[in-house]
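Just below is one structure, and these are the notes that go with it.
Proteins come first, then strands; the chains are lettered A, B, ... in the order of their sequence lines, and each starts at number 1.
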Amino acid sequence: MTKNAEVARVLKEIGLLLEIEGKDKFKPLAYYRGVRSIASLGEDVETIAKRDALTDIPGIGKGLSEVIKQYLETGEVELLTELRTRVPVKALELDSIPGVGPKTIKLVYDKLGVTDLESLERTANEGKLSGLPGLGEKTQIQIIEGIKVVRAGLERTLLADAMLAAEGIENALRKLKVIKKLEIAGSTRRRRETIGDLDILVVATDPEAVMAAFVKSDGVSSIQAQGPTKSSVRLGSGLQVDLRVLPDDSFGAGLQYFTGSVDHNVRIRSIAQKMGLRLNEYGLFKGEKKVAGEDEEGIYKTLGLQWVPPELREDKGEIEAAQRGELPALLSKDDIRGDLHSHTDQSDGKNTIEEMLDAAQALNYEYYCVSDHTQSLTIANGMDESRLLKRIEEIDELNASGRWKMRILKGAEVDILADGGLDIEDCVLSQLDVVTVSIHSRMKDTKGTMTERVCRALENSHVHILGHPTGRLIGKRSEFEIDLERVFETAQKHHVVMELNAYPQRLDLNAGNLRAAIKMGLKIAVNTDAHRISELENMQFGVFQARRGWLTSNDVINTYHLKELMKAIKK
DNA sequence: GCCGTTTTCGGCCCGACTGTTTTCAGTCG
């Protein structure tokens, strides 16, 4: 696991405490910028620090780089320790409550001695919050509700779940005749791994009617806000959904604005400013005159930029590329010709091989690889050599049967053992079309051990793909401690492809890692790792993540025709 | 604290909504 999240938390806490002290309005903003920058870094911040290149990171200057260095070297930051002494509150915890910010934290600390979630909940339940200057009955109820949300751990939702919820609301709203246009914006449109809340934008002839219908949608558990152009509700699942009504000729500007990210928009805005223009959610203006806003393309074009695909809008070089007209032609779902990692009921899958093949055929794939687990993974009923040899024969027969137009590829997801060896003999591996190797055990190995282990596995001349390279489960399990740079170098040397596992909880590699991998010339396989028919649909999430990693079809081997694919993985 | 086609100082996105107000501060995205 990288130190990135940890460092981001330290910077966030400093920013919050500075804001709570209230001495400087802009210093905290600089810290928050640093937080976003570090949190979305593709590389380990520690590696960057060792290169002495922290100030190359956007938003990190002399001050923040010193703070980061101090933390990495000593595990503490003097400034933070001082701040905590002056304002002894659990700022991160309190700030995570919806509706509570630095000003409220300061108020309840000064007046009531509240320092954490527990004491805030107690004072709120005792009714002591209402009556404080600026705080009334309703705010008190809102805070109690907000604490429940935090306790339930519902701050962020997986993209797949958010998209499902969005679809439900979208379908319901589209039935209203007064709605002329509707788009899902925000981080869902940017296809981030997890979503804070849903942003829905509409153009409607009768905004009031839309708002009235929206707040009564199925699954709404509470209404946070309801105005003529903006309403906000919380679903039973905890997900917050914002709906905004825009004028028709501002829809593009609104979409651009509410798609974000903040950092991308700040840059776009400053480009507009330098051209003597002003950009807000209603349009791009020269003085009082609107010069663009109906669609996004017009806004970007007027600013001298190519239209930027939402997945790239993170201020990670996309603006410079768009200025030069050099944005990559990103991978699309239609480019995918097959899936190279899937399971059946031979190991821990839920469907038979025939059922999986029928489902894959329905996706018009040109090839499809069956890759069940191997023997060390006993919990998943992994196959030993004799079962695997039988499976190989079976697939030969299935190919010969002519029942499926696509080519069925013989594969396995082979376990990497503690010492980096594989749990299937080379003489059997050599009979497979696609050998994927993965870590499923000893996930707490030290960085050195894990790196050695994986690299040794990649040195085996029968290995084609490294499956879910960091092993993370979003929100559940961190990445292994592993030196990815060394893994990439080894893979490059031994001609091994990196997997982008499309499972919504995995999305492994992440976008930053993907970008680093292709920069080194590595190829990627976008695979579903499906354990049942329905999971073959997860390919879309892999494609989203690939796009966030700037991947083109050339970078992804399962966009190739069968012949080229076999050539590409040949050792 | 960061940054630079407004470059070593002086700005820093900005509008909507709520609650508690009587004109606005706080939060959010």
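Only the C1' atoms considered, B:dC2 is 13 Å distant from B:dT7, to the nearest whole Å. Spacing between B:dT21 and B:dA16 at atom P, rounded to whole Å, works out to 24 Å. Spacing of P atoms, B:dC13 relative to B:dT6, comes out at 16 Å, to the nearest Å. Annotation: B:dT8 and B:dG1 have their C1' atoms spaced 14 Å apart (nearest Å).
The distance between atom NZ of A:Lys27 and atom C1' of B:dC3, rounded to the nearest whole Å, is 16 Å. Residue A:Arg267 contributes atom CZ, which lies 17 Å from atom P of B:dC2 at whole-angstrom precision. Per the geometry, CG belonging to A:Asp263 stands 10 Å off P belonging to B:dC13, to the nearest Å. Rounded to an integer number of Å, the gap from A:Ile319 CD1 to B:dC13 C1' is 14 Å.
A distance cut-off of 5.5 Å between ring centres, combined with a plane angle under 30°, places A:Phe26 in a stacking arrangement with the base of B:dC12.
With rounding to the nearest 0.5 Å, the separation of CD in A:Glu479 from CG in A:Leu484 is 7.0 Å.
Under the 3.5 Å distance criterion, the side-chain polar atoms of A:Thr74 are left unmatched by any main-chain donor or acceptor of A:Tyr71. A donor-acceptor contact shorter than 3.5 Å is absent between the side chain of A:Asp249 and the backbone of A:Glu294. A donor-acceptor contact shorter than 3.5 Å is absent between the side chain of A:Asp335 and the backbone of A:Leu331.
Nucleic acid contact class of A:Leu135 (heavy atoms, under 4.0 Å, all strands): sugar-phosphate only. Across all strands shown, A:Thr104 has heavy atoms under 4.0 Å from sugar-phosphate atoms exclusively, and none from any base. Heavy atoms of A:Pro133 sit nowhere under 4.0 angstrom from any nucleic acid atom. Among the atoms of the strands shown, only primed sugar atoms or phosphate atoms (P, OP1, OP2) are found under 4.0 Å from some heavy atom of A:Pro102. In this structure, A:Leu29 reaches neither bases nor backbone, as no heavy-atom distance under 4.0 Å exists between it and the strands shown. Looking at heavy-atom distances under 4.0 Å, A:Glu281 makes contact with sugar-phosphate atoms alone, never a base. Note on A:Lys62: only backbone sugar-phosphate atoms sit closer than 4.0 angstrom, heavy atoms only; bases stay farther off.
Donor-acceptor pairing under 3.5 Å, judged by distance alone, is present between the side chain of A:Tyr257 and the base of B:dG29.
Counted within 6.0 Å of NZ on A:Lys316, heavy atoms from surrounding residues, nucleotides or ligands total more than 12; the atom is thus considered enclosed.
Side-chain N/O atoms of A:Tyr32 include none lying less than 4.0 angstrom from OP1 or OP2 on B:dC12. Applying the 4.0 Å criterion to OP1 and OP2 of B:dC17, one finds that A:Thr229 has a side-chain N or O inside that range. Taking only side-chain nitrogens and oxygens, A:Lys230 never comes nearer than 4.0 Å to OP1 or OP2 of B:dC17.
Residue order along DNA chain B, read from the 5' end via each residue's closest nucleotide, puts A:Ala225 first among A:Ala225 and A:Ile97.
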Problem - A:Arg472/A:Asp508 under salt bridge (Lys or Arg N to Asp or Glu O under 4.0 Å): CA gap, chis, key distance, verdict - result: CA-CA 7 Å; A:Arg472 66 147 177 197; A:Asp508 181 8; 5.3 Å; no
